[in-house]
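Here's the structure, in structure tokens; my notes come after.
Order of the sequence lines sets the chain letters (A, B, ...), proteins ahead of strands, with each chain counted from 1. Heavy atoms only: backbone and side chains are in, while hydrogens, waters and symmetry mates are out.
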There are 2 protein chains.
Amino acid sequence: MWYYLALAAGVLSVLYGWLQINSIMKAPSGDARMREIAQAIQEGANAYLGRQYRTIAIVGVVVVVLLAIAFRNWHAPLGFIIGAVLSGAAGFIGMKVSVQANVRTTEAAKSGLNAGLKMAFKSGAITGMLVVGLALLGIVIYYGLLTKVVGLDLAVEGEKRQIIDSLVALGFGASLISIFARLGGGIFTKGADVGGDMVGKVEAGIPEDDPRNAATIADNVGDNVGDCAGMAADLFETYAVTLVATMVLGAIYFAGSSYITEIMLLPLAIAAVCILTSIVGTFFVNLGAGKTDVMGALYKGLIVTGVLSIGGLALAIATVMPAGFGVMDGAAAELGLTGEITGLDLFLCGVAGLVVTGLIVVITAYYTETKYRPVRSIAQASESGHGTNVIQGLAVSLESTALPALVIIAGIILTYNLAGLFGIAIATTTMLALAGIIVALDAFGPVTDNAGGIAEMAELPSEVRDTTDALDAVGNTTKAVTKGYAIGSAGLGALVLFAAYSEDLKYFSALAVEGDFFYNVSVNFSIANPYVVVGLLFGGLLPFLFGGMSMMAVGRAAQAVVEEVRRQFREMPGIMKGEVKPDYGRAVDLLTKAAIKEMIVPSLLPVLSPIVLFGVIFVIAGKGAALAAVGAMLLGVIVTGLFVAISMTSGGGAWDNAKKYIEDGHHGGKGSEAHKAAVTGDTVGDPYKDTAGPAVNPMIKITNIVALLLLAVLAGL
Amino acid sequence: MWYYLALAAGVLSVLYGWLQINSIMKAPSGDARMREIAQAIQEGANAYLGRQYRTIAIVGVVVVVLLAIAFRNWHAPLGFIIGAVLSGAAGFIGMKVSVQANVRTTEAAKSGLNAGLKMAFKSGAITGMLVVGLALLGIVIYYGLLTKVVGLDLAVEGEKRQIIDSLVALGFGASLISIFARLGGGIFTKGADVGGDMVGKVEAGIPEDDPRNAATIADNVGDNVGDCAGMAADLFETYAVTLVATMVLGAIYFAGSSYITEIMLLPLAIAAVCILTSIVGTFFVNLGAGKTDVMGALYKGLIVTGVLSIGGLALAIATVMPAGFGVMDGAAAELGLTGEITGLDLFLCGVAGLVVTGLIVVITAYYTETKYRPVRSIAQASESGHGTNVIQGLAVSLESTALPALVIIAGIILTYNLAGLFGIAIATTTMLALAGIIVALDAFGPVTDNAGGIAEMAELPSEVRDTTDALDAVGNTTKAVTKGYAIGSAGLGALVLFAAYSEDLKYFSALAVEGDFFYNVSVNFSIANPYVVVGLLFGGLLPFLFGGMSMMAVGRAAQAVVEEVRRQFREMPGIMKGEVKPDYGRAVDLLTKAAIKEMIVPSLLPVLSPIVLFGVIFVIAGKGAALAAVGAMLLGVIVTGLFVAISMTSGGGAWDNAKKYIEDGHHGGKGSEAHKAAVTGDTVGDPYKDTAGPAVNPMIKITNIVALLLLAVLAGL
């Protein structure tokens with residue numbers, strides 16, 4: 001029954017999206033000037049995403065062929081295609097909605113804060129629900145196809161393996177799209193933002209989003225392709241991979257158990273109920289008449305979803321798991337537990353996942369909202385100059401990693417003690433099950449950002465801009481929240497991903513006969529093994545190198561924008577006087593090429609790293625050492641990646657809001673020396689929080705998935 | 001014999017220091033104005049170090065009492081006192097020399113680059129030789145006292161344990177001084193630097209080191225107490241802890257072997273020969289007539305030392321290890337090797353240590369010298385503003401971690417395959433044996449920095465300042481090199497430190513009888529154990545939190561300086577006109593108090609972390625889990641610490657030299673917009689490279705040593 005309920009939940013969320021799209025399209029889209037601007041943004045975003053997807057498609061085709069050769073079946077390649085296509089679709093549709101909602105939000109903002117919020121949030125909620133809906137549908141349908149149509153049987157070891165490999169391949173498809181989309185979109189959006197600000201605000205002395213700046217349309221396009229489509233692909237991937245990893249782990253640990261079918265359904269059921277609670281939550285996002293606490297309105301939706309989800313979780317576990325469930329056929333011992341696992345244990349693990357989500361939201365809000373010490377300390381430090389602003393921002397960004405890490409540590413300890421590694425997996429699944437509402441909170445940010453840009457360019461009254469600015473400031477916090485949440489789930493799920501790797505190793509070794517690759521292989525995962533330390537260090541360097549490469553890519557893209565805008569100012573003197581319209585399309589086109597070119601190498605880093613490390617250590621020290629090093633690499637990349645990602649995303653959000661805090665009239669307000677320093681901090685924070693930081697999450701996942709596929713390929717040698 | 005040779009080498013290096021001090025004191029110290037300024041710097045440095053040492057002494061007395069209670073003998077407390085006092089002495093004497101050499105370097109710079117270089121380098125070489133000489137003497141004499149006077153016998157298990165504990169306590173003494181000195185000195189020097197620049201250069205528009213700025217003397221004092229005394233304490237600690245760890249590992253792995261005495265002597269012998277080669281190397285630091293390649297002159301000294309050390313290493317191993325050495329009484333198997341270890345293997349490990357040192361020097365130079373891409377890319381990015389300067393600097397800082405990490409990984413793999421964990425230890429020891437010449441290269445930096453400040457304040461002709469500036473630019477690279485070297489050795493030695501922990505665990509467990517803490521304890525160090533992951537994450541967060549705390553401390557100290565200088569400008573209007581001398585003493589005094597106050601909490605973080613983590617996990621999950629978590633923490637702190645430290649120190653050096661590159665007339669030169677942006681980057685890099693980054697190295701060590709002592713204390717329960 002729960003199989004069909006999960007299917008229904010997926011369909012429902014897509015339906016929700018469709019209905020809301022219609023409702024958005026019916027809203028007024030402003031005057032001709034506004035529509036013209038929105039049109040330019042739509043065209044730019046379409047052109048960029050089209051080109052990005054075509055480039056990824058080339059890589060994708062190569063991967064499909066490699067998978068077909070390696071697995072010699074159609075299950076894995078098809079899984080890859082499903083994951084990739086749906087992930088791309090979620091991002092694409094999200095972007096499509098976003099570029100319609102932006103101008104309508106500008107229009108709605110004319111009649112007040114609540115109207116603007118509702119329009120922008122509606123657009124965000126569509127993206128959110130599409131992300132979880134399409135991901136759940138993809139998994140449910142493909143799992144159903146394999147088990148019900150093809151008839152693969154979970155109870156038969158070899159057939160179970162095909163199911164697992166196919167699901168992992170689905171995750172791989174989602175991950176590959178996600179790393180390219182996050183990085184390409186991130187480079188585009190921040191190249192436009194940084195480059196545009198640099199030449200516009202700093203050199204030409206014209207305000208942000210001024211229509212005379214040739215990079216403005218590109219900046220707005222960037223919000224849609226980076227912060228909306230890129231983010232959607234990222235969360236789609238996180239959601240899909242977490243569900244898949246939990247199912248894989250269930251299939252492994254409960255092998256031979258009479259509960260195996262139920263265990264496989266459990267994550268799908270949790271995801272299904274949380275889609276319902278998320279949809280309910282979206283209706284609670286509402287500002288009371290005369291109220292201005294936008295963050296409070298968003299929290300209301302989130303809290304409603306969270307509380308309802310506790311009940312939903314209880315319901316799902318109670319109905320999915322059969323009565324009397326509790327004695328685990330030895331699975332509990334396999335998970336490292338002495339007692340038995342009960343439904344209550346699993347429920348408490350799920351609640352722990354919700355609590356971790358809540359705490360990460362609160363901590364991120366503390367570090368990025370204008371009303372708390374961290375943001376204010378950066379604003380304060382701006383008074384003594386650019387340097388102290390950046391120093392304080394970096395200090396905040398480093399410090400902001402500590403509490404989330406402690407929360408994750410507590411989550412690991414608690415859930416492991418309740419239900420072993422499977423408990424951690426259930427906690428991570430429940431955490432991610434809220435992705436619908438979390439993405440909704442995030443994806444409304446780029447819409448309001450665009451709405452502000454359109455208001456500025458269409459020269460609407462300043463009250464409209466003030467309204468969109470108020471919404472935008474909240475967007476900085478919600479964006480940081482989503483990223484903290486995504487990377488936090490990766491931290492919590494670190495052991496789950498590693499467990500999938502080490503269990504796969506055990507499985508292949510047990511099965512291997514003489515002549516097989518895994519015959520007689522013994523792997524020592526002790527941290528006293530030098531190859532484990534080598535793997536930890538090698539994995540640890542990836543987020544740093546990746547971060548450095550993507551920051552440089554943004555720098556180069558921004559430089560290209562600066563030169564283009566300068567050229568236009570120089571060759572068309574009428575632009576500055578407002579007599580001639582700049583050539584927006586050229587800036588978009590140039591950035592499109594730059595971003596696509598720049599995204600390739602860093603994206604391939606996590607794909608190739610496990611393979612290279614394996615090869616090198618295999619040649620030097622043999623199979624056992626190489627497998628140990630690759631396993632340790634999976635943890636190493638999380639250990640540093642968690643901190644690099646959180647510090648970048650929280651720090652970037654804090655810098656941005658410190659600027660907003662000063663613009664609200666503190667420390668001298670707009671135009672003061674403190675404000676100039678804060679603009680510098682904001683510029684630094686841009687690639688930190690929107691390019692390098694968020695791309696670390698898919699980078700971690702892809703490293704893990706490639707390692708899993710590597711094992712499967714080696715087993716087939 | 002080698003015991004006495006090591007003793008002699010220690011005496012020789014102290015003697016070298018004494019002779020060179022006399023030679024410096026005889027050099028002319030300039031005119032009355034110069035002497036007056038130097039006098040003010042001396043008084044400030046004395047006052048700060050005096051206060052710092054008194055504060056540390058309080059902590060030290062508490063630790064001595066705790067050690068006496070825990071160990072119930074005098075060996076451990078005495079070891080702690082020896083380590084602490086000698087580390088303090090090395091820093092103190094180094095500072096004393098440095099404040100005499102600064103003004104004499106200014107005077108010498110009047111007659112050209114080579115004269116200035118020789119004077120400054122002489123001062124650096126004294127500090128370098130004192131660091132290694134005092135450390136070697138401390139270890140040799142205390143080891144002799146225990147084995148020869150007290151008569152503890154390495155062949156008797158219980159007595160060997162007392163020797164090990166006492167040596168570890170010596171390392172603890174050195175580490176505790178080092179973390180306080182690095183951090184306190186770092187906060188002082190960068191508080192003065194950042195605060196002084198902020199109010200002087202940015203607000204008042206007066207040049208760096210202008211005598212009207214009340215913070216100038218404090219800035220110069222900071223160079224001596226931070227970059228000289230703090231750095232000396234740090235390298236003393238690194239050197240001592242590495243020698244001790246190698247001896248401890250030898251004592252454990254070769255227990256019962258007939259070679260145990262020789263194995264214990266081997267690190268001391270390597271240290272001894274490298275003192276000789278370092279002294280020889282110092283005589284090769286010389287600029288040919290008319291030459292200006294200061295870095296080349298320094299490299300000459302380093303290369304001579306390196307090449308001679310290869311021969312010295314061969315000699316030491318060949319004469320220390322008895323003929324026929326090669327069959328290791330089962331020790332080889334214990335080390336995880338199948339073959340036997342020969343003298344050639346150990347020799348090759350030592351050479352690998354030298355090669356790692358060389359590669360880290362080359363890589364750091366690449367990332368921080370003005371003639372290569374990274375620094376130039378930051379200078380280039382400065383053209384488009386403050387923001388892009390910082391973005392590019394951060395990108396370079398992140399990227400700069402990759403190659404050193406790969407070198408360290410290669411070093412681990414190579415030396416482990418040659419001679420197991422003991423091979424890694426020998427490589428690390430040989431690497432550190434060069435500390436004398438490396439510190440010499442570094443400690444000459446603050447002297448030239450001071451010399452430039454004195455030239456500016458005494459209003460000497462600009463040629464003098466140009467000469468000191470040329471020396472100072474090289475100082476930025478050598479400072480980054482030393483820090484990369486110190487943290488690199490920690491990375492290479494990571495397994496050695498962890499091995500000491502895990503072997504201690506084995507030892508205590510084997511010995512435990514019913515009722516003992518370690519009775520029946522089994523510890524699972526597999527990365528599949530959740531408590532290992534918890535330890536890795538907890539350890540991983542320490543460098544980030546520590547970095548954030550120390551950056552904030554610098555920010556607060558700088559803020560205090562800004563306010564004080566502003567106050568003096570306001571209350572004494574004669575200062576700006578040059579009629580009234582500012583109250584330099586007050587700024588020094590204020591910073592002294594601020595730095596001492598700020599250093600306490602971050603310094604205690606690594607001391608208390610292992611204890612807290614042990615306690616919490618012990619309560620939740622018992623002994624085995626707690627011991628596994630603490631062990632993993634030791635690796636976690638290195639895995640993130642390595643990258644955090646390298647990125648901060650290389651990035652900071654690159655920012656500083658990008659500014660110098662622009663000042664040399666590129667991208668518009670001094671006073672241009674690009675220069676202003678580069679000043680911002682330099683300011684950001686200051687606490688990065690001189691406070692937070694370098695303090696990570698002692699932080700890692702102290703975490704490890706506290707964990708080792710914790711085991712010894714638990715065993716005594």
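- Considering only heavy-atom pairs separated by less than 4.5 Å from chain B, the leading option among A/Lys676, A/Met552, A/Glu673, A/Gln380 is A/Met552.
- Residues B/Phe643 and A/Val644 fail the side-chain proximity criterion, which asks for heavy atoms closer than 4.5 Å.
- Contact annotation for A/Ile408: only side-chain heavy atoms (C-beta onward) come within less than 4.5 Å of a heavy atom of chain B.
- Most heavy-atom pairs under 4.5 Å with chain A: of the set B/Leu642, B/Asp682, B/Thr640, this distinction falls to B/Thr640.
- Counting heavy-atom pairs closer than 4.5 Å to chain A, the top-ranked of the candidates B/Leu406, B/Leu537, B/Asn524, B/Leu545 is B/Leu537.
- At a threshold of 4.5 Å between non-hydrogen side-chain atoms, the residues B/Val533 and A/Leu635 count as touching.
- Distance OG/B/Ser384 to CD/A/Glu563: 9.0 Å, rounded to 0.5 Å.
- For B/Tyr688, the part sitting under 4.5 Å from any heavy atom of chain A is the side chain, from C-beta outward, and nothing else.
- Between A/Leu398 and B/Met648 the shortest side-chain heavy-atom distance falls below 4.5 Å.
- Residue B/Ala558: no heavy atom, backbone or side chain, is found under 4.5 Å from chain A.
- In this structure, the portion of A/Ile412 lying under 4.5 Å from any heavy atom of chain B is its side chain and not its backbone.
- Contact annotation for B/Val396: both backbone and side-chain heavy atoms come within less than 4.5 Å of a heavy atom of chain A.
- Aromatic ring pairs are classed by plane angle as parallel below 30°, tilted from 30° to 60° and perpendicular above 60°; the pair A/Tyr531 and B/Tyr416 is perpendicular.
- Proximity to chain A (any heavy atom under 4.5 Å) is shown, for B/Met549, by neither the backbone nor the side chain.
- Side-chain atoms of B/Ile617 and A/Ile413, non-hydrogen and from C-beta on, do get closer than 4.5 Å to each other.
- Both the backbone and the side chain of B/Val639 come within contact range of chain A, judged by heavy atoms closer than 4.5 Å.
- Of all heavy-atom pairs spanning B/Leu495 and A/Ala528, the tightest one is CD2-O, 3.8 Å.
- The residue among B/Ala395, B/Ala625, B/Gly681 with the most heavy atom pairs within less than 4.5 Å of chain A is B/Ala395.
- Interface remark: A/Ala499 contributes no atoms to any contact with chain B (heavy atom separation under 4.5 Å).
- The contact between B/Thr401 and chain A is made entirely by side chain atoms (from C-beta outward), counting heavy-atom distances below 4.5 Å.
- When heavy atoms are compared at a cutoff of 4.5 Å, B/Ala381 does not approach chain A at all.
- Heavy atoms closer than 4.5 Å to chain A are found in the side chain of B/Gln559, but not in its backbone.
- Between A/Ser377 atom OG and B/Arg556 atom CZ the span is 9.5 Å, to the nearest 0.5 Å.
- Contact count against chain B (heavy-atom pairs under 4.5 Å) is highest for A/Pro530 among A/Ala405, A/Gly387, A/Pro530, A/Gly540.
- Only the side chain of B/Phe498 comes within less than 4.5 Å of a heavy atom of chain A; its backbone N, CA, C and O stay farther away.
- When heavy atoms are compared at a cutoff of 4.5 Å, B/Val684 approaches chain A by way of both its backbone and its side chain.
- Heavy-atom pairs under 4.5 Å with chain A were tallied for B/Leu541, B/Val390, B/Ile527, B/Ile391; the largest tally goes to B/Ile527.
- When heavy atoms are compared at a cutoff of 4.5 Å, B/Pro687 approaches chain A solely by way of its side chain, counted from C-beta outward.
- Comparing B/Leu394, B/Asn389, B/Val616, B/Val194 by how many heavy-atom pairs each has under 4.5 Å with chain A, the most go to B/Leu394.
- In this structure, B/Ser550 OG and A/Glu399 CD are separated by 11.0 Å, a value rounded to the nearest 0.5 Å.
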